[in-house]
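Report on the following structure.
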Amino acid sequence: MTQNSQTPDRQAYYDRIAAQNMAPLWEVLSGLVPREPKTAVVPTVWHYDDIRGAIIESGSLITAKEAVRRVLVLENPGLPGQSRITNTLYAGLQLILPGEVAPAHRHTQSALRFIVEGSGAYTAVEGEKTTMHPGDFVITPPWTWHDHGNDSDAPMVWLDGLDVPLIAFLETGFAEDLEEESQPLTRPEGDALARYGTGLLPVDYKPVSKTSPIFNYPYERTRAALETMRRDDEWDECHGLKLRYVNPATGDYAMPTMATFMQLLPKGFQTAPYRSTDATVYSVVEGSGRTRVGDVELPWGPRDTFVVPAWRHHHHEADGDAVLFSFSDRPVQEKLGLWRQDRGNH
Ligand code: 1HN
């Protein structure tokens with residue numbers, strides 16, 4: 001699939017057929033069908049200590065109500081101005097101050113929240129509130145009413161991950177606002193976790209959506225699972241100890257378009273080289289270390305966010321025990337039979 005040479009008569013022909021809304025495939029074929037994924041996404045880290053000042057400052061510039069969602073978008077420097085952290089995913093850090101409300105709306109984009117700083121703010125989804133704590137993984141399924149509020153006495157910051165670019169590509173975005181600022185609550189807090197998140201399901205339960213019915217996976221439980229499992233001392237050479245969040249009603253990923261994971265890398269662990277076709281966003285919960293993507297070194301510590309592009313060899317190094325949350329578009333790729341991984345250097 002080599003590029004063909006341009007001659008004056010060919011160019012004249014291309015100009016003529018362009019007027020008929022046609023173009024020669026042979027001039028673009030190799031770009032359309034690359035030998036392997038070529039990505040504009042650049043490996044990047046956002047150090048929380050460096051950006052926290054700007055996040056807090058946004059709180060004095062605009063209210064959550066006026067902003068609707070007061071978020072600093074984490075823009076991949078390889079995709080400037082596109083509100084993307086990867087080709088298919090959006091990420092941002094959202095600030096909500098004590099007493100504020102981010103008004104209720106719904107949209108077809110799926111959202112995840114991963115709590116980074118503060119405790120005690122809530123999100124309400126389809127009539128149920130959940131109080132959020134650092135390390136909790138919280139879901140807003142497509143087309144569900146959601147509003148956030150902070151009844152605590154400290155600012156709260158979380159990482160938002162959405163499939164916004166993917167939905168834009170598919171041209172399937174719809175959204176609407178609720179008339180009231182906060183939605184009416186119809187179920188007690190903790191109802192979903194009790195109903196679906198204890199290894200039990202209501203006897204006649206049939207999944208009503210492609211998203212997990214659990215909408216807060218508390219860090220306390222996730223961390224305890226990792227801590228108990230580490231006693232087996234069985235470490236995957238590429239991942240350490242890595243768990244995926246699951247929809248208990250189907251066994252599938254918790255969300256239809258975004259896979260979410262939590263992994264433990266013990267003190268001093270260095271993972272083996274790995275790559276996969278799903279560009280992945282990481283949020284560091286505990287510990288420090290670095291991820292090497294080719295020649296690029298991404299040093300990280302607690303609350304940092306970093307992104308590894310698709311199909312780029314990388315490995316992680318943990319200084320002390322480290323816990324990493326991550327998400328990607330892997331469920332979409334798997335359902336289309338496209339997902340690939342490469343464990344090792346060759
Ligand atoms: C959104 O609805 C939220 O509900 C956060 O908190 C970030 C980014 C793009 C589009 C919608 C939220 C968003 C968003």
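Note that ligands are numbered from 1 as they come in the structure, with each ligand's atoms numbered from 1 the same way. Every heavy atom of this structure was used, including side-chain atoms; hydrogens, water molecules and symmetry mates were not.
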Self-check item: Close approach, Gln94 and ligand 1, non-hydrogen under 4.0 angstrom
Solution: yes
Self-check item: Nitrogen or oxygen of Tyr90 less than 3.5 angstrom from that of ligand 1
Solution: no
Quiz item: Is the closest N or O pair between Trp158 and ligand 1 shorter than 3.5 Å?
Solution: no
Quiz item: Does Arg340 reach the side chain of Ser276, with side-chain heavy atoms less than 4.5 Å apart?
Solution: no
Protein heavy atom at shortest distance from [atom]:
atom	value
atom 12 (C) of ligand 1	Arg69 NE, 2.8 Å
atom 6 (O) of ligand 1	His148 NE2, 2.7 Å
atom 5 (C) of ligand 1	Asp160 OD2, 3.4 Å
atom 9 (C) of ligand 1	Val164 CG2, 4.0 Å

I'd like to know if the side chain of [X] and the backbone of [Y] have a donor-acceptor N/O pair within less than 3.5 Å.
X	Y	value
Glu126	Trp145	yes
Gln183	Gly127	yes
Asp9	Tyr13	no

Practice problem: Measure the acute angle between the ring planes of Phe269 and Trp235, then classify it against the limits of 30° and 60° as parallel, tilted or perpendicular. | Solution: tilted
Quiz item: Short list, please: which atoms of ligand 1 are under 4.0 Å from a heavy atom of Arg113?
Solution: 3 (C), 4 (O), 5 (C), 6 (O), 12 (C)
Practice problem: Considering the heavy atoms of His107, write down every atom of ligand 1 situated less than 4.0 Å from one of them. | Solution: 1 (C), 2 (O)
So, [X] versus [Y], ring centres under 6.0 angstrom or not?
X	Y	result
Tyr282	His316	yes
His47	Trp300	no
Phe327	Phe261	no

Quiz item: Considering only heavy atoms, does Gln109 approach ligand 1 within less than 4.0 Å through its side chain, its backbone, both, or neither?
Solution: neither
Quiz prompt | Mode of Leu162 contact toward ligand 1 - side chain, backbone, both, neither (heavy atoms, under 4.0 Å) | solution = side chain
